[in-house]
Amino acid sequence: MEKNRKIYMDYAASTPLDEEVFNAMVPYFMDDFANPSSNHFWGQRAQGAVDGARETVASILNVKPEEIIFTGCGTESDNLALRGAALRNRERTGANRILISPVEHHAITETAQQLCKHFGFQLDFLSVDEYGRVDPEEVKASLRPDTAIVSIIFANNEIGSINPIEDIAFICREKDILFHTDAVQAAAHLKIDLKEIPVDLLSIGAHKFYGPKGIGCLFVRGGTDILPIITGGSQEFGLRAGTPNVPYIVGLAEAYKLVVDNFKNRENELQRLRDYAIDNVLANIPRSKITGHPKDRLSNHASFVFENIDANLLLMMLDTAGFACSSGSACKVGESKPSEVLTAIGLSQTWSRGSLRVTLGKNTTQEEVEKLLETLPGLIDCIRKKRY
Ligand SMILES: *Cc1c(COP(=O)(O)O)cnc(C)c1O
């Protein structure tokens, strides 16, 4: 039985709910179920829970509670930030250009493409280095008065690299250009102090840090004028209509608090396991490369490419062998379009087709990593020799 246990190594895709988070959420499904907008006793209890959650998130990020907007997920936060800022800013100032990196999550790229194709915005892309990082100097040179918003991912979901977000934020601030960062991966592993980092908008999603799926939040710095994308009631300071999802909001705050409280204990161990996995793969698998920065990357994130390997086939074989990993991109089985991120960092198709993302979490053990490292070289060899 033990031998056949499945090993989960896809924490960048989602994480299991923390039991403490679940327990914190439970009362708000049935006991304190009321609508926080209701003025009666029950309503006020629900409102109290939402207020408490907002204060928790705000204090972690070192911002004001009214700068935190709860949303339906990380994707919705990205949509609200980009679409809300672009539309409102153009209305106010005429600025008609959106500037993003080529390694954004689809929540940003697809939103930017829509704003470009259907709403008449000009969309420009920055470049990235071989590790998938944006150069602040290039941002500085690329800003123009007609730039409505700049959006750059904090830490990349596919290749783990961390961008110099603080430097970029200062550059945008200096030129008075709105700056958003997608911190959905970053928030799970990095201490983010928004008194130090002058971003205007920052997206977070709970299920990447042991919180529930279907809940996120957007930091909107005081004075930043954005248009709501979901209209209706005046919830969330008029920026996100709809009765708030009280238990999930409570869950997001509890999960965020727990994950940040555990950074000290967890991050060093994750990094040690990550480096162990990276060093071992590169040493033992011929024609293998790490993707993303070797050190300046998410502590739980190991990502690779293997020459002449079909990533989907490798994932299927890993799954059969009991390992849940990812290719890193949203590319579906049978669809072998190369990842935009791997193309942007300059990999040719013979390499980019063979991507593997191994992301570790709080339940990952040394033994599990060793099992993967024992299995992987043989699978790669089988695929290259077409023995499967
Ligand atoms: C997961 C993820 C998202 C989307 O968040 P959801 O809550 O799943 O919608 C956005 N950006 C990044 C970088 C992510 O990793």
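In listed order, ligands and their atoms are each counted from 1.
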Qualifying residues under salt bridge (charged side-chain N to carboxylate O under 4.0 Å, His left out), relative to D296, sequence neighbours excluded
R133
Using a 4.5 Å side-chain heavy-atom cut-off and chaining through intermediate ILVMFWY residues, the residues clustered with F119 come out as I69, L80, L82, L87, I98, I100, I108, L115, F121, L123, F125, I149, L178, L201, L218, V220, I226, L227, I229, I230, F237, L239
Write 'none' if nothing qualifies; otherwise put on separate lines each N/O atom of ligand 1 with a protein N/O atom under 3.5 Å away and their distance to 0.1 Å.
{"residue": "ligand 1", "atom": "7 (O)", "partner": "G74", "partner atom": "N", "Å": "2.8"}
{"residue": "ligand 1", "atom": "8 (O)", "partner": "H207", "partner atom": "NE2", "Å": "2.8"}
{"residue": "ligand 1", "atom": "9 (O)", "partner": "T75", "partner atom": "N", "Å": "3.0"}
{"residue": "ligand 1", "atom": "9 (O)", "partner": "T75", "partner atom": "OG1", "Å": "2.6"}
{"residue": "ligand 1", "atom": "11 (N)", "partner": "D182", "partner atom": "OD1", "Å": "3.3"}
{"residue": "ligand 1", "atom": "11 (N)", "partner": "D182", "partner atom": "OD2", "Å": "2.6"}
{"residue": "ligand 1", "atom": "15 (O)", "partner": "Q185", "partner atom": "NE2", "Å": "2.7"}
{"residue": "ligand 1", "atom": "15 (O)", "partner": "K208", "partner atom": "NZ", "Å": "2.7"}

Quick one: are the ring centres of Y28 and F33 less than 6.0 Å apart?
no
Tell me whether the NZ or CZ atom of K362 lies within the 45° cone about the ring axis of Y210 and under 6.0 Å from its centre.
yes
Look at E269 together with K264 and state whether they make a salt bridge at an N to O cut-off of under 4.0 Å.
no
Looking at residues at least two apart in the chain, or sitting in another chain, which of them share a side-chain contact (heavy atoms from CB on, under 4.5 Å) with K257?
T56, I60, E254, D261
